[in-house]
Amino acid sequence: MKALVVNSSPHMDKGNTAVILNPFLDGMREAGAEVELFYTRKLKINPCLGCFNCWLKTPGVCAQRDDMDMLRPKMEEADVCVLATPVYVDGMAGPLKNLIDRIIPSVQPFFELRNGHIRHPGRGENRPRKMVLVSNCGFWEMDNFDPLVVHVKAICQNINMEFAGALLRPHGPAMKPMLEIGGLVEDVIEAAREAGRQLVRDGRMSPDTLSTVSRELMPMEDYFQTANQNFQQQLDAIKAK
Ligand SMILES: Cc1cc2nc3c(=O)[nH]c(=O)nc-3n(C[C@H](O)[C@H](O)[C@H](O)COP(=O)(O)O)c2cc1C
(Lines give C-alpha, C1' and ligand atoms only; values in the text may rest on other atoms or scores of the structure.)
Protein backbone atom coordinates (compact mmCIF):
# COMPACT_ATOMS: atom_id res chain seq x y z
CA MET A 1 0.00 0.00 0.00
CA LYS A 2 1.32 3.42 -0.99
CA ALA A 3 0.25 6.36 1.15
CA LEU A 4 0.59 9.99 0.20
CA VAL A 5 0.31 12.23 3.25
CA VAL A 6 -0.06 16.01 3.39
CA ASN A 7 0.21 17.84 6.70
CA SER A 8 -1.02 21.42 6.36
CA SER A 9 -0.22 22.63 9.87
CA PRO A 10 2.21 25.57 9.61
CA HIS A 11 3.87 24.11 12.72
CA MET A 12 4.69 20.98 10.71
CA ASP A 13 6.35 18.30 12.85
CA LYS A 14 6.11 20.46 16.01
CA GLY A 15 2.35 21.04 15.77
CA ASN A 16 -0.59 19.43 17.53
CA THR A 17 -1.74 17.83 14.26
CA ALA A 18 1.55 15.92 14.13
CA VAL A 19 0.96 14.58 17.67
CA ILE A 20 -1.76 12.32 16.20
CA LEU A 21 -0.57 12.09 12.59
CA ASN A 22 2.94 10.81 13.32
CA PRO A 23 1.98 7.74 15.40
CA PHE A 24 -0.76 6.99 12.83
CA LEU A 25 1.90 6.97 10.09
CA ASP A 26 4.22 4.86 12.28
CA GLY A 27 1.39 2.31 12.56
CA MET A 28 0.91 2.31 8.79
CA ARG A 29 4.65 1.77 8.26
CA GLU A 30 4.73 -1.03 10.86
CA ALA A 31 1.96 -2.78 8.91
CA GLY A 32 4.00 -2.51 5.71
CA ALA A 33 2.77 0.67 4.01
CA GLU A 34 5.09 2.88 1.99
CA VAL A 35 4.45 6.35 3.40
CA GLU A 36 5.48 9.66 1.83
CA LEU A 37 4.85 12.77 3.94
CA PHE A 38 4.75 16.36 2.67
CA TYR A 39 4.21 19.63 4.52
CA THR A 40 2.29 22.33 2.64
CA ARG A 41 4.52 24.89 4.35
CA LYS A 42 7.52 23.51 2.47
CA LEU A 43 5.69 23.26 -0.85
CA LYS A 44 5.03 25.98 -3.37
CA ILE A 45 1.44 25.47 -4.46
CA ASN A 46 -0.34 28.47 -5.95
CA PRO A 47 -4.11 28.82 -5.84
CA CYS A 48 -6.03 27.58 -8.89
CA LEU A 49 -6.42 30.33 -11.53
CA GLY A 50 -9.77 28.95 -12.70
CA CYS A 51 -8.59 29.26 -16.32
CA PHE A 52 -9.74 25.74 -17.32
CA ASN A 53 -6.63 25.37 -19.52
CA CYS A 54 -6.22 21.95 -17.87
CA TRP A 55 -9.58 20.89 -19.33
CA LEU A 56 -9.54 22.57 -22.74
CA LYS A 57 -6.25 24.01 -24.06
CA THR A 58 -3.82 21.51 -22.52
CA PRO A 59 -6.00 18.61 -21.27
CA GLY A 60 -4.61 17.15 -18.04
CA VAL A 61 -1.87 19.76 -17.70
CA CYS A 62 -2.20 22.78 -15.40
CA ALA A 63 -1.12 26.19 -16.71
CA GLN A 64 1.00 26.76 -13.56
CA ARG A 65 4.45 25.28 -12.89
CA ASP A 66 4.97 24.62 -9.19
CA ASP A 67 5.13 21.70 -6.74
CA MET A 68 1.79 20.31 -7.94
CA ASP A 69 3.72 18.99 -10.98
CA MET A 70 5.51 16.66 -8.56
CA LEU A 71 2.62 16.03 -6.13
CA ARG A 72 -0.35 15.31 -8.42
CA PRO A 73 1.16 12.17 -10.01
CA LYS A 74 2.00 10.92 -6.51
CA MET A 75 -1.60 11.48 -5.40
CA GLU A 76 -2.86 9.55 -8.41
CA GLU A 77 -0.44 6.69 -7.74
CA ALA A 78 -1.25 6.42 -4.03
CA ASP A 79 -3.69 3.82 -2.67
CA VAL A 80 -4.39 6.07 0.31
CA CYS A 81 -4.27 9.85 0.65
CA VAL A 82 -4.04 11.20 4.19
CA LEU A 83 -5.09 14.82 4.62
CA ALA A 84 -3.86 16.27 7.91
CA THR A 85 -4.98 19.70 9.02
CA PRO A 86 -5.72 21.78 12.10
CA VAL A 87 -9.26 23.19 12.13
CA TYR A 88 -8.97 26.76 10.87
CA VAL A 89 -12.21 28.75 11.18
CA ASP A 90 -14.32 25.61 10.95
CA GLY A 91 -12.55 24.05 7.99
CA MET A 92 -9.22 22.89 6.61
CA ALA A 93 -6.16 25.18 6.51
CA GLY A 94 -6.04 27.33 3.36
CA PRO A 95 -2.89 25.80 1.81
CA LEU A 96 -4.53 22.36 1.88
CA LYS A 97 -7.63 23.68 0.11
CA ASN A 98 -5.37 25.29 -2.52
CA LEU A 99 -3.74 21.90 -3.04
CA ILE A 100 -7.11 20.13 -3.35
CA ASP A 101 -8.36 22.69 -5.89
CA ARG A 102 -5.28 22.01 -8.00
CA ILE A 103 -6.19 18.34 -8.58
CA ILE A 104 -8.82 19.41 -11.13
CA PRO A 105 -6.50 18.59 -14.11
CA SER A 106 -6.91 14.94 -13.05
CA VAL A 107 -10.57 14.97 -14.13
CA GLN A 108 -12.20 15.58 -17.51
CA PRO A 109 -14.62 18.44 -18.20
CA PHE A 110 -17.42 16.09 -19.25
CA PHE A 111 -20.27 15.12 -16.96
CA GLU A 112 -21.16 11.56 -16.01
CA LEU A 113 -23.74 10.17 -13.62
CA ARG A 114 -22.23 8.43 -10.57
CA ASN A 115 -24.67 7.10 -8.00
CA GLY A 116 -27.36 9.40 -9.42
CA HIS A 117 -25.17 12.54 -9.12
CA ILE A 118 -23.39 14.52 -11.84
CA ARG A 119 -19.60 14.11 -11.57
CA HIS A 120 -16.53 14.48 -13.77
CA PRO A 121 -14.89 11.29 -15.10
CA GLY A 122 -11.25 10.83 -14.14
CA ARG A 123 -8.44 10.67 -16.69
CA GLY A 124 -6.43 7.73 -15.44
CA GLU A 125 -7.32 4.18 -14.48
CA ASN A 126 -10.31 3.94 -12.17
CA ARG A 127 -8.91 1.96 -9.23
CA PRO A 128 -10.19 2.08 -5.67
CA ARG A 129 -8.42 4.72 -3.60
CA LYS A 130 -9.06 5.76 -0.03
CA MET A 131 -8.83 9.03 1.82
CA VAL A 132 -8.25 9.53 5.56
CA LEU A 133 -8.62 12.78 7.47
CA VAL A 134 -6.42 13.58 10.49
CA SER A 135 -7.33 16.74 12.34
CA ASN A 136 -7.11 18.50 15.67
CA CYS A 137 -8.79 21.63 16.94
CA GLY A 138 -8.45 24.13 19.77
CA PHE A 139 -12.02 24.11 21.05
CA TRP A 140 -13.19 21.34 23.32
CA GLU A 141 -16.20 19.84 21.53
CA MET A 142 -16.24 17.16 18.82
CA ASP A 143 -18.79 19.14 16.78
CA ASN A 144 -16.02 21.55 15.76
CA PHE A 145 -15.04 18.91 13.19
CA ASP A 146 -18.52 18.58 11.65
CA PRO A 147 -18.08 21.06 8.75
CA LEU A 148 -14.61 19.69 7.93
CA VAL A 149 -15.75 16.07 7.93
CA VAL A 150 -18.74 16.88 5.70
CA HIS A 151 -16.37 18.74 3.36
CA VAL A 152 -13.81 15.94 3.13
CA LYS A 153 -16.57 13.36 2.56
CA ALA A 154 -17.92 15.55 -0.27
CA ILE A 155 -14.41 15.86 -1.77
CA CYS A 156 -14.16 12.05 -1.76
CA GLN A 157 -17.43 11.73 -3.68
CA ASN A 158 -16.37 14.46 -6.08
CA ILE A 159 -13.04 12.85 -6.96
CA ASN A 160 -14.21 9.25 -6.65
CA MET A 161 -12.29 8.18 -3.55
CA GLU A 162 -13.55 6.17 -0.60
CA PHE A 163 -13.69 8.09 2.69
CA ALA A 164 -11.98 5.62 5.03
CA GLY A 165 -12.49 7.57 8.26
CA ALA A 166 -11.07 10.35 10.40
CA LEU A 167 -8.74 10.66 13.38
CA LEU A 168 -10.10 13.70 15.19
CA ARG A 169 -8.50 15.21 18.28
CA PRO A 170 -10.62 17.90 19.98
CA HIS A 171 -8.91 20.08 22.62
CA GLY A 172 -5.75 19.07 20.75
CA PRO A 173 -3.43 21.60 22.44
CA ALA A 174 -3.90 19.68 25.71
CA MET A 175 -2.10 16.63 24.30
CA LYS A 176 1.51 17.86 24.45
CA PRO A 177 1.52 19.09 28.08
CA MET A 178 -0.23 15.88 29.13
CA LEU A 179 2.32 13.78 27.23
CA GLU A 180 5.11 15.66 29.03
CA ILE A 181 3.59 14.80 32.42
CA GLY A 182 3.37 11.16 31.30
CA GLY A 183 0.89 8.38 31.97
CA LEU A 184 -2.16 10.43 30.92
CA VAL A 185 -2.67 10.19 27.15
CA GLU A 186 -0.47 7.32 25.97
CA ASP A 187 -3.63 5.34 25.12
CA VAL A 188 -4.60 8.09 22.64
CA ILE A 189 -1.21 7.86 20.92
CA GLU A 190 -1.38 4.06 20.86
CA ALA A 191 -4.90 4.24 19.37
CA ALA A 192 -3.59 6.51 16.58
CA ARG A 193 -0.82 3.97 15.89
CA GLU A 194 -3.30 1.09 15.97
CA ALA A 195 -5.61 2.96 13.54
CA GLY A 196 -2.66 3.09 11.10
CA ARG A 197 -2.04 -0.64 11.43
CA GLN A 198 -5.75 -1.42 10.99
CA LEU A 199 -6.04 0.72 7.87
CA VAL A 200 -3.22 -1.15 6.17
CA ARG A 201 -4.11 -4.60 7.49
CA ASP A 202 -7.94 -4.53 7.30
CA GLY A 203 -8.62 -1.63 4.94
CA ARG A 204 -10.67 0.04 7.67
CA MET A 205 -10.27 1.55 11.13
CA SER A 206 -12.42 0.37 14.00
CA PRO A 207 -14.92 2.84 15.54
CA ASP A 208 -13.60 1.94 19.03
CA THR A 209 -10.03 2.82 18.08
CA LEU A 210 -11.12 6.11 16.48
CA SER A 211 -13.19 7.02 19.51
CA THR A 212 -10.14 6.49 21.77
CA VAL A 213 -8.20 8.93 19.55
CA SER A 214 -10.98 11.48 20.20
CA ARG A 215 -11.66 10.69 23.85
CA GLU A 216 -12.22 13.43 26.40
CA LEU A 217 -8.90 14.47 27.97
CA MET A 218 -10.36 16.64 30.72
CA PRO A 219 -13.71 18.20 31.64
CA MET A 220 -14.69 21.19 29.48
CA GLU A 221 -14.62 23.57 32.45
CA ASP A 222 -11.01 22.61 33.35
CA TYR A 223 -9.82 23.01 29.76
CA PHE A 224 -11.57 26.36 29.48
CA GLN A 225 -10.06 27.69 32.74
CA THR A 226 -6.54 26.38 32.02
CA ALA A 227 -6.55 27.84 28.50
CA ASN A 228 -7.67 31.26 29.76
CA GLN A 229 -5.03 31.26 32.52
CA ASN A 230 -2.34 30.36 29.97
CA PHE A 231 -3.39 33.12 27.58
CA GLN A 232 -3.44 35.67 30.44
CA GLN A 233 0.05 34.58 31.58
CA GLN A 234 1.41 34.90 28.05
CA LEU A 235 -0.14 38.35 27.62
CA ASP A 236 1.28 39.48 30.98
CA ALA A 237 4.75 38.12 30.12
CA ILE A 238 4.81 39.96 26.77
CA LYS A 239 3.59 43.18 28.40
CA ALA A 240 6.29 42.92 31.10
CA LYS A 241 9.11 42.77 28.51
C1 LIG B 1 -6.29 30.91 12.02
C2 LIG B 1 -6.76 29.92 13.04
C3 LIG B 1 -8.09 29.54 13.07
C4 LIG B 1 -8.54 28.60 14.00
N5 LIG B 1 -9.85 28.23 14.00
C6 LIG B 1 -10.30 27.30 14.88
C7 LIG B 1 -11.68 26.91 14.89
O8 LIG B 1 -12.50 27.39 14.11
N9 LIG B 1 -12.07 25.96 15.78
C10 LIG B 1 -11.19 25.38 16.66
O11 LIG B 1 -11.60 24.53 17.44
N12 LIG B 1 -9.88 25.73 16.67
C13 LIG B 1 -9.41 26.67 15.80
N14 LIG B 1 -8.08 27.03 15.80
C15 LIG B 1 -7.15 26.37 16.74
C16 LIG B 1 -6.30 25.27 16.08
O17 LIG B 1 -7.12 24.31 15.43
C18 LIG B 1 -5.45 24.60 17.17
O19 LIG B 1 -4.61 25.54 17.76
C20 LIG B 1 -4.65 23.43 16.67
O21 LIG B 1 -4.18 22.72 17.80
C22 LIG B 1 -3.45 23.85 15.81
O23 LIG B 1 -2.81 22.69 15.30
P24 LIG B 1 -1.28 22.71 14.86
O25 LIG B 1 -0.46 22.93 16.10
O26 LIG B 1 -1.01 21.39 14.23
O27 LIG B 1 -1.10 23.84 13.86
C28 LIG B 1 -7.61 28.00 14.91
C29 LIG B 1 -6.27 28.41 14.87
C30 LIG B 1 -5.85 29.34 13.96
C31 LIG B 1 -4.38 29.76 13.93
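Just follow the structure's listing: the first ligand is 1, and inside any ligand the first atom is 1. Because the structure is a prediction, the values reported are computed rather than measured.
- A heavy-atom cutoff of 4.0 Å around ligand 1 is satisfied by the protein residues Ser9, His11, Gly15, Asn16, Thr17, Pro86, Val87, Tyr88, Val89, Asp90, Asn136, Cys137, Gly138, Phe139, Pro173.
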Exercise for the section: Could you walk me through whether Lys239 and Asp236 pass the salt bridge (Lys or Arg N to Asp or Glu O under 4.0 Å) test, one step at a time? Expected result: CA-CA 5 Å; Lys239 212 172 169 186; Asp236 292 344; 5.8 Å; no
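- A salt bridge (charged side-chain N to carboxylate O under 4.0 Å, His left out) check over residues 66-83, counting only residues at least two apart or in different chains, returns the pairs Lys2-Glu77, Glu36-Lys74, Arg65-Asp69, Asp66-Arg102, Arg72-Glu76, Asp79-Arg127.
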Below 3.5 Å, can you tabulate the donor-acceptor pairs from side chains in residues 86-98 to any protein atom, sequence neighbours excluded?
unit_1 : atom_1 : unit_2 : atom_2 : d
Lys97  : NZ     : Asp101 : OD1    : 2.6
Lys97  : NZ     : Asp101 : OD2    : 3.4

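- Side-chain atoms of Gln225 and Glu221 form a donor-acceptor pair, as typed in the model, at a separation below 3.5 Å.
- Ring geometry for His120 versus Phe111: interplanar angle of 30 to 60°, hence tilted.
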Per-pair distances, 0.1 Å, donor-acceptor, side chain in residues 153-164, under 3.5 Å, sequence neighbours excluded:
unit_1 : atom_1 : unit_2 : atom_2 : d
Gln157 : OE1    : Arg119 : NH2    : 3.2
Asn160 : ND2    : Asn126 : OD1    : 3.1
Glu162 : OE1    : Lys130 : NZ     : 3.1

